[in-house]
Structure formats: C-alpha cells, structure tokens
There are 2 protein chains.
Amino acid sequence: MGVVVPFEERAAEPGIEALVSLVAADMGRVNEMILSRTGSDVTMIPEVANHLISSGGKRLRPMLTLAAGQLSGYRGDGHVKLAASVEFMHTATLLHDDVVDESDMRRGKIAARVKWGNEASVLVGDFLLGQAFRMMVEVGSLRALEILSDAAAIIAEGEVMQLAAAKNIETTEDNYLAIIRAKTAELFGAACEVGPVIAERPKSEAEACRSYGMNLGVAFQLVDDALDYGGAAAKLGKNVGDDFREGKITLPVVLSVRRGTDADRAFFRRTLERGEIAERDLEEALSIMRRNKALEDTVARARHYGAMARDALGIYPDGPMKRALLDAVEFCVARAY
Amino acid sequence: MGVVVPFEERAAEPGIEALVSLVAADMGRVNEMILSRTGSDVTMIPEVANHLISSGGKRLRPMLTLAAGQLSGYRGDGHVKLAASVEFMHTATLLHDDVVDESDMRRGKIAARVKWGNEASVLVGDFLLGQAFRMMVEVGSLRALEILSDAAAIIAEGEVMQLAAAKNIETTEDNYLAIIRAKTAELFGAACEVGPVIAERPKSEAEACRSYGMNLGVAFQLVDDALDYGGAAAKLGKNVGDDFREGKITLPVVLSVRRGTDADRAFFRRTLERGEIAERDLEEALSIMRRNKALEDTVARARHYGAMARDALGIYPDGPMKRALLDAVEFCVARAY
C-alpha cells in the first residue's frame with residue numbers, strides 16, 4: 001500500500017500557520033459558538049455532534065469566513081456566527097455523506113452512523129442544518145443568507161449528481177468537475193464570499209473572494225481524490241481506497257479510463273461499475289493509475305485551480321491576510337495528509 | 001383487521017372544503033412554485049421529489065400559511081413562497097423519516113427510499129430543505145426566517161427525542177407530548193405564525209395564530225397515532241400497525257401501559273422494547289388498547305387540544321376565514337382517514 005503521490009511541493013510544505021494565527025482569536029469565539037449551539041436537552045444531539053466536531057477537522061471553511069471578514073476590514077460580530085454556520089453546514093453534510101456512502105470511518109474515528117445508527121446521523125445532521133440557519137438569521141444579512149441558502153441547495157444537488165454518476169465509468173472530466181464544484185467548492189466559495197458581503201464591500205471584492213474560495217475548493221477536492229488513492233491511512237484518517245470500494249468515479253479514474261487500454265477500461269468496468277472487487281484489485285487500480293499518470297495529473301489539475309484562486313485575490317493590496325490566504329492555497333494543494 | 005376507532009364525530013365529518021376553497025387561488029400559485037422549485041438538471045431530484053409531492057398529501061400545512069396570511073389581511077406575494085417553503089420542509093422531513101423508520105410505504109405509494117435508495121431520500125430531502133430556505137430568504141422577512149429556521153431545528157430535535165424514546169415503554173405522556181410538539185406541532189405553529197408576521201400585524205395576532213397551529217398540530221398527531229392502530233390501510237395510505245412494528249411509543253401505548261395489567265405491560269415490553277413480534281400480536285395490542293380505552297381517550301385528548309386551537313382564534317372577529325379555520329380543527333380531529 002506504500003504508494004506515494006509525487007507532491008513536488010511537499011518538501012516546502014508551506015503551512016496554514018499564518019492563517020491559523022491571524023484568525024486565532026475569532027476562531028476561539030467560533031469554537032464557543034459551536035459548542036453552545038450543539039447543546040440540547042436531547043442528550044443524543046451533543047453526543048453525536050461533538051463526536052464529529054471535536055474529532056478535529058482543520059476547520060478550514062470557518063477559517064475562510066473569518067479571514068475573508070478580516071480581509072474586508074469587517075468590524076462587527078456577524079462573521080463569528082456565519083463561520084459557525086458554515087462549519088455546521090459542513091458537519092451536517094459529513095453526517096449525511098456517511099449514511100449515503102455507508103462509511104465506517106470518518107476523521108480516523110468510527111463514523112457516527114456506526115456508533116449511533118443511520119437514524120441519528122440523518123437527524124442530527126438535520127438539527128445542525130437548522131441551527132446553522134438560525135445563526136445566519138441572527139446575523140441579519142439577507143445577502144449572506146441568500147449566499148448560504150443557495151449553497152445548501154447546490155451542495156445537495158451536487159451530492160445527488162455524484163450519486164447518479166456513481167459506478168458509471170463514462171463520466172467525463174466535465175461531469176466530475178460539475179459535481180465537485182457543487183458538492184465541495186460551493187461551500188468554500190460561499191464561506192469566503194460572505195466576508196466582504198457583511199462588511200458591505202463592493203461587488204468586485206465579493207466576486208474576488210467567491211472566486212478564490214471556489215477555485216480553492218476545487219483544488220482541495222482534487223487533492224482529496226488523489227489522496228484517496230495515495231495517502232497513508234493513519235495520516236488520512238480514512239482508509240486508502242474508500243472511493244474505489246464505493247464505486248466513486250473521481251478524476252484519477254476518469255483520466256485512467258480516458259488514457260488507458262481496453263484492459264484498463266474492462267478492469268474499472270468490473271470493479272467500479274459491477275462492484276466485483278477482489279483482494280488485490282486496489283493495487284491493480286493503483287498500478288493502472290501510475291501507468292497513466294492519473295494521480296500526478298490530478299494534482300497538476302489541482303495546481304491549476306490553485307493558481308486561479310491566487311490570481312482571484314490580485315485585486316487586494318499586499319498584506320499579512322492576503323499572504324496567509326495565498327499560503328493556504330499551497331497548503332491545500334501540497335498537504336501531505 | 002376490521003378494527004374501527006369509535007370516532008363519534010365521524011357521522012358529521014365537517015370537511016375542510018371551506019378552507020380549501022378560500023385558499024384555492026393562492027394554492028394554485030403554491031403548486032406552480034413547488035413544481036418550479038423541484039426542477040433541477042439532475043433528473044433524479046424532480047423524480048424523487050415529485051414522487052412524494054405529487055402523491056397528494058392534503059397540503060394542510062401550506063394551506064394554513066395561506067389562510068393565516070388572508071386572515072391577517074396580507075396583500076403581498078410572500079405568503080405563496082412561505083407556503084411552498086413549509087411544504088418543502090415537511091416533504092424533506094417525510095423523506096428523512098422514511099429512512100429513519102425504514103418504511104416501505106408512504107401515502108399509499110412505495111416509499112422513495114425503496115425505489116431510489118436511502119441515499120436519494122437523504123440527499124433530495126437536503127435539497128428540498130435548501131430550496132425551502134432559498135424561498136424564505138427571497139421573501140425577505142427576517143422574523144419569518146427566524147420562525148421557520150427555529151422550526152427546522154426543533155423538528156429535528158423532536159425526531160431525535162422520538163428516536164431516543166423508541167422502544168422504551170416507560171415513556172410518559174409528558175415525554176410523548178414534548179416529542180409531538182417538536183416533531184409535528186412546531187411546523188403547524190410556524191406555518192400559521194408567519195401569516196400575521198409578514199402582514200405586520202400585532203404580536204397578539206402572531207401569538208394567536210401560533211397557538212392555533214401548535215394545538216391543531218398536537219391534535220392532528222394524536223389522531224394520526226390513534227389511526228395507526230385503527231384506520232383502514234386503504235384509506236390511511238399506510239399499513240395499520242406501522243408504529244407497533246417499529247416499536248414507536250405513541251399515546252395509545254402510553255395509556256395502555258399506565259392503565260393496564262402486569263400482563264399488558266409484559267406484552268408491550270416483549271413486543272415494543274424487545275421487538276419480539278409474533279403473528280397475532282397486533283390484534284392482541286388492539287385488544288389491550290380497547291380494554292384500556294386507550295384509542296378513544298387518545299382521540300379525546302385530541303379533542304381537548306382542538307378546543308384550545310379554536311379558542312386561540314377568539315381574538316378574531318367572525319368571518320369566512322375564521323369559520324373555515326375552526327372547521328379545519330373538526331376535520332383534523334374527526335378525519336376518517
């Protein structure tokens with residue numbers, strides 16, 4: 001299983017330390033907000049929610065909301081609630097995804113659905129979504145509400161697209177891109193866009209932040225999909241080959257199918273479409289991907305979207321937050337975990 | 001299975017014809033809105049959504065929003081979108097409920113989850129919830145948004161409470177009431193309250209409409225729970241005994257456990273708590289309920305909440321819409337299906 005994706009940037013590995021440190025104070029308030037809004041007399045709710053929330057994702061999405069708020073010179077309190085909303089929307093999606101994918105692991109822990117049942121994952125996800133909207137409404141910006149409710153519908157639409165494309169190796173790169181734009185990038189874009197929006201900055205800045213977020217989100221997902229075939233399970237917090245076992249068609253597969261031999265296509269048809277997966281098939285999939293340069297080119301595509309994300313911020317003058325956001329792109333593309 | 005709950009009011013069966021006819025024009029616009037907002041290029045979305053939406057529930061909840069708007073002299077367009085939002089929230093809940101309950105039937109049709117899979121039910125439910133929020137945001141009333149987003153979180157909380165209480169015959173009538181207030185009555189209350197709210201009527205009217213809706217919702221759910229043990233499957237659109245088979249603790253059970261013999265309690269412990277259900281156990285459950293007058297007293301309780309719903313409208317002068325709403329209470333309590 002010792003496959004290593006050749007991340008050229010890995011040596012440098014510029015972190016998100018700058019971003020983390022610039023938003024640290026606000027992030028403390030977001031974490032308090034998250035804790036208080038998962039509270040409920042119905043004890044199962046904080047149990048399930050905190051199982052996932054406390055298992056320590058990087059909280060990249062809420063960080064982006066805080067960062068975009070700061071970049072926009074926002075002086076109020078609304079960005080904290082919006083950031084918490086964004087994290088709740090993301091957590092709700094993870095809970096529902098686990099049910100859809102029948103995953104057993106999430107962030108290196110047993111998935112909530114295994115511990116408390118599918119029912120709890122569906123319903124606590126719904127609760128978190130409801131709480132997310134409550135917080136957004138409290139902020140009182142109709143434009144921010146519009147952006148985030150649009151995102152909620154589009155994310156679900158993307159998940160359904162992914163479901164419809166599952167097990168279909170005819171999926172094109174365009175189909176795949178449309179799916180990850182909706183299911184992943186949309187929330188990154190919305191998380192960034194609401195920053196300038198609540199700061200009442202001009203439309204050009206809202207568009208710049210949205211474009212930064214969308215392109216960063218695409219890059220992030222592309223790297224995620226490459227890591228699913230190349231990361232180490234311990235670091236990744238999930239098993240290598242999950243996508244393969246679930247019949248998910250991601251870019252490494254799309255490229256392998258396009259570039260490969262008839263035998264390669266027959267292999268993916270058997271394993272991904274018909275779900276007939278034998279002991280050593282994951283290794284065979286990796287070997288086909290290596291032969292077709294599918295993993296490194298997935299990362300190369302990610303680098304392309306990362307470059308677009310960076311250029312989107314071109315309208316902003318140089319400064320510590322801008323530099324931190326540019327570094328965050330490197331982090332997403334080059335992350336080793 | 002020919003068990004008939006002795007609904008004394010059934011002979012009269014006052015309909016909701018008056019309500020239906022008063023909101024008919026607006027309801028046409030709601031139906032168009034529903035159709036257009038379930039549209040998506042992702043064909044599975046309108047398929048799944050319309051399977052359930054077109055299977056013709058009574059659309060009681062959106063009717064209540066339209067009616068409360070009219071009762072409040074509202075002159076704008078917002079009530080149409082809010083009514084469609086309310087129906088989407090309800091439909092999303094049904095889709096997720098089917099996954100949680102593992103139901104095979106819904107409104108006399110095969111449940112969406114059986115036809116398209118649990119995944120589709122979870123995700124299309126999420127999509128409809130997203131679309132519901134989109135429409136609410138378009139209406140632009142922050143107070144209406146607050147009411148409906150509160151409802152969304154509380155409904156999910158109620159569903160989790162129900163899950164936690166499932167298979168526990170120690171559940172008290174108070175526990176049960178807290179559950180149905182959250183999972184059912186809250187949406188009825190919110191659906192009614194937003195009418196006076198968008199019409200910018202005084203708080204006393206918003207409270208009256210909310211109280212009408214909440215109490216109507218409690219009555220509605222109590223009758224539903226009685227019907228689950230007493231209706232005819234063909235009329236009910238679902239199988240008699242679903243709650244029994246799923247180990248759901250509803251008021252007919254709560255009353256039977258409180259009033260019954262040790263043998264009765266042992267019976268429910270075996271069937272509902274341990275899930276050991278044999279061929280003739282549903283008949284035995286019905287016989288225990290008859291002996292303890294559990295079904296007629298569940299309906300009697302419903303009548304009590306119905307009376308409270310009617311009295312809540314006492315602050316309004318007499319008029320066709322008020323009379324229609326009073327009749328609707330009778331319909332909910334006395335409905336034969």
Side-chain angles (χ1 to χ4, degrees), chain A residues 37 40-45 48 89 92-93 95-97 99-102 116-138 140-164 166 178-179 182, chain B residues 37 40-45 48 89 92-93 95-97 99-102 116-138 140-164 166 178-179 182:
Chain A
R37 298 304 175 102
S40 165
D41 294 339
V42 187
T43 50
M44 195 190 276
I45 289 177
V48 175
M89 285 174 67
T93 308
L95 282 166
H96 287 184
D97 269 2
V99 174
V100 169
D101 294 343
E102 304 182 342
W116 288 277
N118 277 341
E119 308 92 318
S121 289
V122 171
L123 298 176
V124 175
D126 290 351
F127 174 77
L128 292 178
L129 212 52
Q131 292 291 67
F133 278 102
R134 265 180 165 168
M135 283 188 278
M136 289 173 215
V137 172
E138 285 169 17
S141 158
L142 278 169
R143 180 66 193 130
L145 272 161
E146 191 179 4
I147 290 163
L148 288 166
S149 60
D150 281 358
I154 290 169
I155 291 165
E157 210 167 11
E159 300 274 356
V160 180
M161 281 164 73
Q162 176 170 268
L163 190 63
I179 291 170
Chain B
R37 298 304 175 103
S40 166
D41 294 339
V42 188
T43 50
M44 196 191 273
I45 290 178
V48 175
M89 285 174 67
T93 308
L95 283 166
H96 288 184
D97 270 1
V99 174
V100 170
D101 295 343
E102 303 183 342
W116 288 276
N118 278 342
E119 308 93 319
S121 289
V122 170
L123 299 176
V124 175
D126 290 350
F127 174 76
L128 292 178
L129 213 51
Q131 292 291 67
F133 278 102
R134 264 181 168 167
M135 283 188 277
M136 290 173 215
V137 172
E138 285 169 17
S141 158
L142 277 170
R143 179 67 192 130
L145 271 162
E146 191 179 4
I147 291 163
L148 289 166
S149 60
D150 280 358
I154 291 169
I155 291 165
E157 211 167 10
E159 301 272 356
V160 180
M161 281 164 73
Q162 177 170 267
L163 190 64
I179 292 169

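Naming: A, B, ... by sequence-line order, numbering from 1 per chain.
Annotation: maximal heavy-atom pairing with chain A below 4.5 Å, among B/Val160, B/Val122, B/Leu145, occurs at B/Val160. Of the residues considered (A/Ala153, A/Gly158, A/Gly117, A/Ala178), A/Ala153 shows the highest number of contacts with chain B, using heavy-atom pairs under 4.5 Å. Ranking B/Ala151, B/Gly140, B/Ala152, B/Ser121 against chain A, the residue ahead of the rest is B/Gly140, based on heavy-atom pairs under 4.5 Å. Between chain B and the residues A/Glu146, A/Arg134, A/Glu119, the largest count of heavy-atom pairs under 4.5 Å involves A/Arg134.
Between A/Phe133 and B/Phe133, the ring planes lie parallel to each other; the angle is under 30°, not in the 30° to 60° tilted range.
Heavy-atom distances place no part of A/Leu128 under 4.5 Å from chain B, backbone and side chain included. Residue contact with chain B, scored on non-hydrogen atoms closer than 4.5 Å, involves the backbone and the side chain of A/Asp150 alike.
Here the side chains of B/Val137 and A/Leu148 are not in contact, with every heavy-atom distance at 4.5 Å or above. The shortest distance between side-chain heavy atoms of B/Asp126 and A/Ile155 does not fall below 4.5 Å.
The nearest pair of heavy atoms linking B/Leu123 to A/Ala156 is O-CB, 3.7 Å.
The line from CD of A/Glu157 to CG of B/Asp41 is 7.0 Å long, rounded to the nearest 0.5 Å.
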